[in-house]
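This report concerns only the one structure given below.
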Amino acid sequence: RYCHVNVPDELLRDLLPGPVTLVLKRSEELNKDLNPFTSLVGVRIPNHPFIRELARACSGPLALTSANISCQASTLTVSEFQDLWPQLSLIIDGGPIGDVQSPECRLGSTVVDLSVSGKFTIIRPGCALTSTVEILRQKYGLIPESS
């Protein structure tokens, strides 16, 4: 509803929920204040029970950002971004969002642009790069878009 999906539903089911953010063309229904300077929007469905339940309880899309300073490793627990708490209106502890001992979990989601039919562009490698590229290339025959 908030973006134009130009890939098969099965591809969506293969990647979501999980550590992948799909970049697609935004629809007219999406609030114009969200990503106002681009025709694209990132869509993510985490495989975490708490955030999925929160999303179900909301009537519209959630605009979220990682709780870390840009270019720093992703935080996995609320205590890891304690220095940001004074600047936040609300903090909800839904538990860890990955294995805190795993460096791969701190890479963030793999961000892939699927806005061009038949092609994909990796925007951020993230923690699911290999499996995502394998699914896109081998199962769906998408080709990497040249830079």
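As the structure is a computational prediction, the values presented were derived from the model and not from experiment.
Scored by the side-chain contact (heavy atoms from CB on, under 4.5 Å) test, C127 finds P19, L107 as partners (sequence neighbours excluded). Not a single side-chain hydrogen bond (donor to acceptor under 3.5 Å, both in side chains) links T130 to another residue, sequence neighbours left out. Qualifying side-chain hydrogen bond (donor to acceptor under 3.5 Å, both in side chains) partners for S109, counting only residues two or more places apart in sequence or in other chains: T21, R124. With sequence neighbours left out, the side-chain contact (heavy atoms from CB on, under 4.5 Å) criterion links D9 to L12, R13. Listed by chain and residue number, P17, I45, N47, R56 satisfy the side-chain contact (heavy atoms from CB on, under 4.5 Å) test with R52 (two or more places apart in sequence, or in another chain). Residues satisfying the side-chain hydrogen bond (donor to acceptor under 3.5 Å, both in side chains) criterion with E28, sequence neighbours excluded, are K32. Take D113 and apply the salt bridge (Lys or Arg N to Asp or Glu O under 4.0 Å) test, not counting sequence neighbours, and it matches no residue. With sequence neighbours left out, I143 forms a side-chain contact (heavy atoms from CB on, under 4.5 Å) with K119.
Using a distance-only test at 3.5 Å, with no hydrogens or angles considered, no donor-acceptor pair links the side chain of S115 to the main chain of K25. Of the possible donor and acceptor atoms, one in the side chain of R44 sits under 3.5 Å from a partner among the backbone N and O of G18.
Side-chain atoms of L114 and L11, non-hydrogen and from C-beta on, do get closer than 4.5 Å to each other. In this structure, T75 and L84 have side chains that are not in contact, with every pair of non-hydrogen atoms separated by 4.5 Å or more. Two residues are said to be in side-chain contact when any heavy atoms from C-beta on lie closer than 4.5 Å; L15 and L136 meet this criterion. Between V7 and L22 the shortest side-chain heavy-atom distance does not fall below 4.5 Å.
When hydrophobic clusters are built by joining Ile, Leu, Val, Met, Phe, Trp and Tyr residues whose side-chain heavy atoms come closer than 4.5 Å, directly or via intermediates, V41 is not grouped with I51. Both L34 and Y2 are members of a single hydrophobic cluster when ILVMFWY side chains are connected at heavy-atom separations under 4.5 Å.
Listed by chain and number, the hydrophobic cluster partners of F37 come to none, as no ILVMFWY side chain reaches under 4.5 Å of it. The other residues sharing a hydrophobic cluster with L40 are V23, V111, I123, where clustering joins ILVMFWY side chains under 4.5 Å apart.
Judged as a side chain to side chain donor-acceptor pair (under 3.5 Å), the pairs with a partner in residues 90-106 (not counting sequence neighbours) are, in order, E80-R106, S102-E104. Residues in residues 130-139 take part in these salt bridge (charged side-chain N to carboxylate O under 4.0 Å, His left out) pairs, two or more places apart or across chains: E10-K139, D14-K139.
Between H4 atom NE2 and S27 atom OG the span is 5.5 Å, to the nearest 0.5 Å. Atom CZ of F81 and atom CG of L88 lie 6.5 Å apart (nearest 0.5 Å).
Taking both residues in full, the closest heavy atoms of T110 and A128 are given as OG1-N, 2.8 Å, listed atom of the first, atom of the second, then distance. Between L24 and C3, the shortest heavy-atom distance links the atoms CD1-SG, 3.6 Å.
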